[in-house]
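Every number for a ligand or one of its atoms is a count from 1 in the order of the listing. These numbers come from the heavy atoms of this one structure, side chains and all, not from hydrogens, waters or symmetry mates.
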Amino acid sequence: MELDTKLKSDAAGTASGQAAGKKVFVKTYGCQMNVYDSQRMTDALVADGYAATDDMADADLVLLNTCHIREKAAEKVYSEIGRIREMKKERAALGRETVIGVTGCVAQAEGAEIMRRAPAVDLVVGPQTYHRLPAVLEKVRSGGKVVETDYALDDKFEHLPQPKRAELARRGVTAFLTVQEGCDKFCTFCVVPYTRGSEVSRPVAQIVAEAERLVEAGVREVTLLGQNVNAWHGEGLDLEGQSTEWGLGRLLFRLAEIPGLARLRYTTSHPRDMDDELIAAHRDLESLMPYLHLPVQSGSDRILKAMNRRHKAEDYLRLIERVRAARPDIAISGDFIVGFPGETGEDFEATMRLVREVNYASAFSFKYSPRPGTPGAEMDGHVPEQVKDERLQRLQALLVEQQQAFTGSMVGRTMPTLIEKAGRQAGQRVGRSPWLQPVIVDEKAGGIGEIIEVRIMSAGYNSLHAEPV
Ligand code: 5AD
Ligand code: SF4
């Protein structure tokens, strides 16, 4: 098997013409950044002559854009490859070729190992090299297998083609925009610093240009993405026109000036990077939605230290107080890990206490999953699976209770809602509340892309039913 790890970057984006008439199917796993990346990969391939399809069986090229954050996520990929291999055989019997590619964080973490375990895979491309996909495919066409997992040899974002306006419009009125990628924090449980590499911020001008393009195509709400989005920093201008260092807060103030950009969000943040200007943005910007995803992982200082989070539980609680003082209606969301190595019953109770004190509007919680190559995996005191299960159950019960109370508290309130798409039932549309909840309204209430004032009539498990006021 020929493994070619080096392709010249200047081959990027050259339309080979050989892709004409071919179809690509991309399946996305994991976080929102993968959703964004899948779109950019599709854009790069469409520019090369491919057509995007939603039907895997009809695709000449199947890409799995993968996630490595927990073992379960990574294992899913191999079972999916098994299924696709069968499909590849069926298509081959009809004389149709199928190229299988693995991209994203599993690609980065496992590289050529993927082909050893799953020989049906033709190409493995890491998150920093998507712009070189057309060149990689050229290589595969001439009979090779390709592994491309170099870290940013050149600027991934600068080299990715942007979608055509019509394609953007088709994608809807909300959009993701990656502003930052990678992480230098090295929490001891986390693979991200290894799979996504060190922190890279996109320049202000690139971000503003992309946001403006999105708005021109009809997007009303933009969510800025980054593994450590509030670590974003860049060079901008101050009021006197002098070049100065900007943080995410300043960037949000700038983006809020774009006419027609009605709503801004950002995710995911680290408590260490919540600075005064970002908190001020929550206080001053009407278009910055009152929602903050701020993972804490644990409420125990001992475990926070072992996790290398570099803050104490008390720091997090005071930070939440400051954010709430700036924006009293802000909804707080978080991530938690139970059963990190060394976590005692008392440590877990500290997490439960913190959750009670914060009162979350929503949250994600996970059992610790040792990731190869991370310091946590090498630590002593791994917690038995059964104990992890019990803790997760207790934590999730509390979090669900809080989330239900939050959703329930919306009944009777009026709020602006962005109408996003057709509902599942005929005659309905689904909108989005400022707090990210789906809001179901009658289709006569407003057109897609409109922001209408509604009154919440009832609350379901996670969604709200509303009438226009
Ligand atoms: N095990 C369990 N959960 C993890 N997360 C990250 N790494 C691990 C791991 N090894 C969780 C964290 C993070 C979220 C995206 O995934 O809570 O915030
Ligand atoms: Fe992972 Fe920690 Fe970086 Fe978040 S801050 S991506 S949890 S290392």
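- Electrostatic pairing of Arg117 and Glu75 counts as a salt bridge here, judged by a charged N lying under 4.0 Å from a carboxylate O.
- Close contacts of ligand 2 with Arg309, meaning ligand atoms under 4.0 Å from a residue heavy atom, involve 2 (Fe), 7 (S).
- The heavy-atom pair separating Leu177 from Ile207 by the smallest distance is CD1-O, 3.8 Å.
- The Phe189 neighbourhood of ligand 2 comprises atoms 7 (S), with distances under 4.0 Å to a heavy atom of that residue.
- Checking only distances, Tyr368 never comes within under 3.5 Å of ligand 1, N or O to N or O.
- Of the protein's heavy atoms, Ser369 O, 3.6 Å lies nearest to atom 9 (C) of ligand 1.
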Kindly indicate, with the supporting measurements, whether the criterion side-chain hydrogen bond (donor to acceptor under 3.5 Å, both in side chains) is fulfilled by Glu199 and Gln227. CA-CA 9 Å; Glu199 227 166 82; Gln227 263 99 25; over 6 Å; no

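- Crowding of Gln386 atom CD: a count of heavy atoms from other residues, nucleotides or ligands under 6.0 Å not exceeding 12.
- Ligand 1 places these atoms under 4.0 Å from at least one heavy atom of Arg371: 10 (N).
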Criterion side chain to side chain contact (heavy atoms under 4.5 Å, CB included) on Leu399 and Phe336, from CA distance to verdict: CA-CA 10 Å; Leu399 289 167; Phe336 297 89; 4.1 Å; yes

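- When non-hydrogen atoms are compared, ligand 1 lies under 4.0 Å from the side chain of Phe366 (C-beta onward) but not from its backbone.
- Within the 4.0 Å heavy-atom cutoff, Arg196 does not count among the residues contacting ligand 2.
- Ranking protein heavy atoms by distance to atom 11 (C) of ligand 1, first place goes to Arg70 NH1, 3.2 Å.
- Using a 4.0 Å cut-off between a side-chain N of Lys or Arg and a carboxylate O of Asp or Glu, Arg254 and Glu277 do not qualify as a salt bridge.
- Atom 3 (Fe) of ligand 2 has as its closest protein heavy atom Cys183 SG, 2.2 Å.
- Ion pairing between Arg116 and Glu113 holds under the 4.0 Å rule for side-chain N and carboxylate O.
- The neighbour count for Asp55 CG, taken as heavy atoms of other residues, nucleotides or ligands under 6.0 Å away, is above 12.
- Proximity to Phe186 (heavy-atom distance under 4.0 Å) selects the following atoms of ligand 2: 8 (S).
- Counting heavy atoms closer than 4.0 Å to ligand 1, residue Ile69 contributes atoms from both its backbone and its side chain.
- Near Lys367, meaning under 4.0 Å from one of its heavy atoms, ligand 1 places the atoms 1 (N), 2 (C).
- Listed by atom number, the atoms of ligand 1 under 4.0 Å from Phe189 heavy atoms are 6 (C), 7 (N), 8 (C), 9 (C), 10 (N).
- Tyr130 and Asn65 share a side-chain donor-acceptor pair at under 3.5 Å.
- With respect to Glu343 and Arg391, a salt bridge is recorded, a charged nitrogen being found less than 4.0 Å from a carboxylate O.
- Nearest protein neighbour of atom 14 (C) of ligand 1, counting heavy atoms only, is Asp335 OD2, 3.5 Å.
- Nearest protein heavy-atom contact of atom 1 (Fe) of ligand 2 is Cys190 SG, 2.2 Å.
- The protein non-hydrogen atom at the shortest distance from atom 2 (Fe) of ligand 2 is Cys187 SG, 2.3 Å.
- When each atom of ligand 2 is checked for a heavy atom of His270 under 4.0 Å away, the hits are 5 (S).
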Give the intermediate values and the outcome of side-chain hydrogen bond (donor to acceptor under 3.5 Å, both in side chains) for residues Tyr291 and Ser362. CA-CA 10 Å; Tyr291 191 98; Ser362 86; 2.9 Å; yes

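- If you number the atoms of ligand 2 from 1 as listed, the ones under 4.0 Å from a heavy atom of Asn228 come out as 3 (Fe), 5 (S).
- Annotation for Val106 and Ile114: closest pair O-CD1, 3.7 Å, computed over non-hydrogen atoms.
- Counting the atoms of ligand 2 from 1 in the order shown, those under 4.0 Å from a heavy atom of Pro193 are 8 (S).
- Residue contacts with ligand 1 for Gln297 involve side-chain atoms from C-beta outward but no N, CA, C or O (heavy atoms, distance under 4.0 Å).
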